[in-house]
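Right, one structure below, let's go through it.
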Number of protein chains: 2
Amino acid sequence: MPDRPPTLHDVAKHAAVSTATVSRVVNGGPVAEPTARVVRDAIRTLGYVPNPAARGLITGRSDVVGVLVPDLVGPLNAAIARGVEDVLEAHDKLATIMTDHRDEAREARRVATLVARRVDGLVLIGSHLDDAHLRDLVGDTPVVHVGAERPPGADGIPEVRIDNAAGIDAALGHLAALGHRDVAHLAGPRRDGAERRAAMHDLAPRHGLHLRAVVDTDFSEESGRAAGATLLAEGDATAVLCANDRVAAGLYAAARERGLSLPRDLSVVGFDDLPWSGYLDPPLTTVRQPGRALGRGAAARLFDPDAGGELAPVTPDLVPRGSTAPPPH
Amino acid sequence: MPDRPPTLHDVAKHAAVSTATVSRVVNGGPVAEPTARVVRDAIRTLGYVPNPAARGLITGRSDVVGVLVPDLVGPLNAAIARGVEDVLEAHDKLATIMTDHRDEAREARRVATLVARRVDGLVLIGSHLDDAHLRDLVGDTPVVHVGAERPPGADGIPEVRIDNAAGIDAALGHLAALGHRDVAHLAGPRRDGAERRAAMHDLAPRHGLHLRAVVDTDFSEESGRAAGATLLAEGDATAVLCANDRVAAGLYAAARERGLSLPRDLSVVGFDDLPWSGYLDPPLTTVRQPGRALGRGAAARLFDPDAGGELAPVTPDLVPRGSTAPPPH
DNA sequence: CGACAGTTTGTAAACGCTTGCAGTCGTCCC
DNA sequence: GGGACGACTGCAAGCGTTTACAAACTGTCG
């Protein structure tokens, strides 16, 4: 191994040409074939590898994009990161992943670090930062949000989201196919909750389903248990579509308390596909957040010049497991 | 936002000093307080942020370390990455995480990419590369392995591993405390398997436990089922310590087939704490791989100048769950 | 045969920063 | 009072690239 990695100069000297020529060979500039051959040989024998830092100094691009992930424990965020990496790899760029931005200040600091490093773009997953602050931090570095719960009208920074309606649609189709006619919904708050609820109202009829009841939750398991108890007391739905998996877990508890057996007496569908959803008893049929596709979409957005606003939402898919079955009777 | 981020020159002009002085202020060189104040003000009003690429060109350091992770799906690798990040953050460095190096060629390419970027160090998790090839790729970039299954004697590149004996010791202590006297072991292959098996032989007596049987597996669930069936046929142990969680899951199956109820008839302990281990029925008591500590150890190693070889192994901890209970009778 | 377009190559000036060296002061000591 | 010494500061030379710009050819065409 060379003590000091070879530089453009070394190659130039070795090939008896100017550094400009070597640079052109490396970056595909106009250079006569014989010369190019000599240079390529020199590069090979010296084991020359361009130093991206120097190039970046001039071009202004670092070929790195920063990814901020709240955590990597669940498969969803990991999958998103993975999707981002997919497209970065295709563009010969690198991802710098930072995790665990617990609070806004911490996250802001990290964004600043990344911007200082002149990243070519930023993918923010589940960000806390409001648009104004963010804009201020990043200057004109391209940014994309993934799955941040932001107000619907927040403009400026593009965002990749899933198509909640499509997810609900898939779940309803599944239930209809099993023979259900009467469904209920444990709804959630904020934007995702609202969209899912709206989709229930819109789409249930199209599957020939009757939406018998909607009870609110705050997305937590406990609220799911409480809302589930309320729902089950009415007892005229054979299937419940939950706003997320946590709520579904709460509904499991409520059903157990009532002495119901799942999925014999009641079918349950979740939303998100959390890591443990497949290990519930019975394993939860749920709508999976398509993490990798989300990540791909976000990264693609970074390179696409076309203007801001919303991106085409990504379609989630249904994961049929043991919590759904034909209705009783 | 400025069209072009301010440079050292801009600050120097604004503060009426030379760029050298500004640089010294930024990096804590010797500069008189009044001057420093003026410069600091200029930096603040201009919003100057040093460009690490330029610095790196000169100093040779990029303040980035590369982390190669096979995947981010399980909590273990994510935790390792997190641990690495912990210590990097303390050193004002950044982690560049690349995932999914499925095969050796792909991994080699990624290592090369990272080295070309002049990373300050490399943390390789579960690497496929053999030492010679790796050495060749990285030149004198510091490298640390985490949890690679390499031959025990492989020298040169430091490696962080867990203390398998300590893990076994904790598990045995747990079983002894519950009142068990007769234990068995479903052993695994390779280095980890061998160490765990050796620890069983060494340590069981010290806990007053009698190691009644050892059956081999290949770390797979199916081999665990088969080996488990063999083991249960003998039936003189009240607790089985499995080489890993997969094997333990196999043993669950074997026990079920035999009509045994866990943990009433048999206590089972796993090793690794896979994502689903807590969702088995009963939830598996297991020895958890301390991912974050592993990551911390690895990263710390990167900065420590002290010489190669093995690192102090990291102690795993026991996660008591539902698969262990006092022995029957 | 000279001008002209094209092609290929080299020259040199950036890019934003660090750092060895040398200069400029003001002090201290004998 | 003069030299030595320190403490600051500026000058300028890099670091490894890219990239206008210009130079040097090769043919081509009139």
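Every chain is numbered from 1 and lettered A, B, ... according to where its sequence line falls, protein lines coming before strand lines.
With distances taken from any side-chain atom of B/T19 to the nucleotides D/dT17, D/dT9, D/dA12, the minimum falls on D/dA12. Checking D/dT19, D/dT17, C/dT19 against the side-chain heavy atoms of B/S23 singles out C/dT19 as nearest. Of the candidates C/dC17, D/dT9, D/dT19, the closest approach to any side-chain atom of B/A32 belongs to D/dT9.
Environment of NE2 in A/H91: crowded, with over 12 heavy atoms of neighbouring residues, nucleotides or ligands closer than 6.0 Å.
Protein atom CZ of B/R55 is 17 Å distant from nucleotide atom C1' of D/dG16, rounded to whole Å. One can place CG of B/L46 at 15 Å from C1' of C/dG16, the figure rounded to the nearest angstrom. Look at CG on A/L57: it is 11 Å from C1' on D/dT18, rounded to the nearest Å. Computed from coordinates, the B/R61 CZ to D/dC15 P distance equals 17 Å when rounded to whole Å. What separates CG of B/N27 from P of C/dG16 is a distance of 17 Å, to the nearest Å. Atom CG of B/D10 is separated from atom P of C/dC15 by 10 Å (rounded to the nearest Å). Between the NE2 atom of B/H9 and the P atom of C/dC15 there is a distance of 9 Å, rounded to whole Å. At whole-Å resolution of the value, CG in A/L8 and P in C/dA12 are 17 Å apart.
Using a cut-off of 4.0 Å between Lys/Arg side-chain N and Asp/Glu carboxylate O, B/R106 and B/D103 are scored as not salt-bridged. One finds no salt bridge joining A/D131 and A/R135 here, because no Lys/Arg side-chain nitrogen approaches an Asp/Glu carboxylate oxygen to under 4.0 Å. Salt-bridge annotation for B/E89 and A/R110: present, with a side-chain N of the basic residue lying under 4.0 Å from a carboxylate O of the acidic one. By the 4.0 Å N-to-carboxylate-O rule, B/K93 lies too far from B/E85 to be salt-bridged with it. For the pair A/D10 and A/R4, the salt-bridge criterion is met [side-chain N within less than 4.0 Å of a carboxylate O]. Under 4.0 Å is where a charged nitrogen must lie from a carboxylate oxygen, and between A/R161 and A/D192 at least one such pair does.
Contacts with DNA chain C (heavy atom under 4.0 Å) in residues 34-44 of chain A: A/T35, listed by number.
Residue contacts for B/A20: at a heavy-atom cut-off of 4.0 Å it reaches a base atom on one of the strands shown. Among the protein residues, A/V22 comes within range of no part of the nucleic acid, since none of its heavy atoms lies under 4.0 Å from any strand. Backbone-only contact: A/V17 has heavy atoms under 4.0 Å from sugar-phosphate atoms and none from a base.
Using modelled atom types and a 3.5 Å distance limit, the side chains of B/N27 and B/R55 yield a donor-acceptor pair.
Along DNA chain D, the nucleotide closest to A/I58 and the one closest to B/T21 are compared, and the more 5′ of them pairs with B/T21. Mapping B/P52 and B/R24 onto DNA chain C by nearest heavy atom places B/P52 closer to the 5' end of the strand.
With hydrogens and angles ignored, no donor-acceptor pair under 3.5 angstrom links the side chain of A/R4 to the base of D/dG16.
Within the 4.0 Å cut-off from OP1 or OP2 of D/dG16, not a single side-chain nitrogen or oxygen of A/T7 is found.
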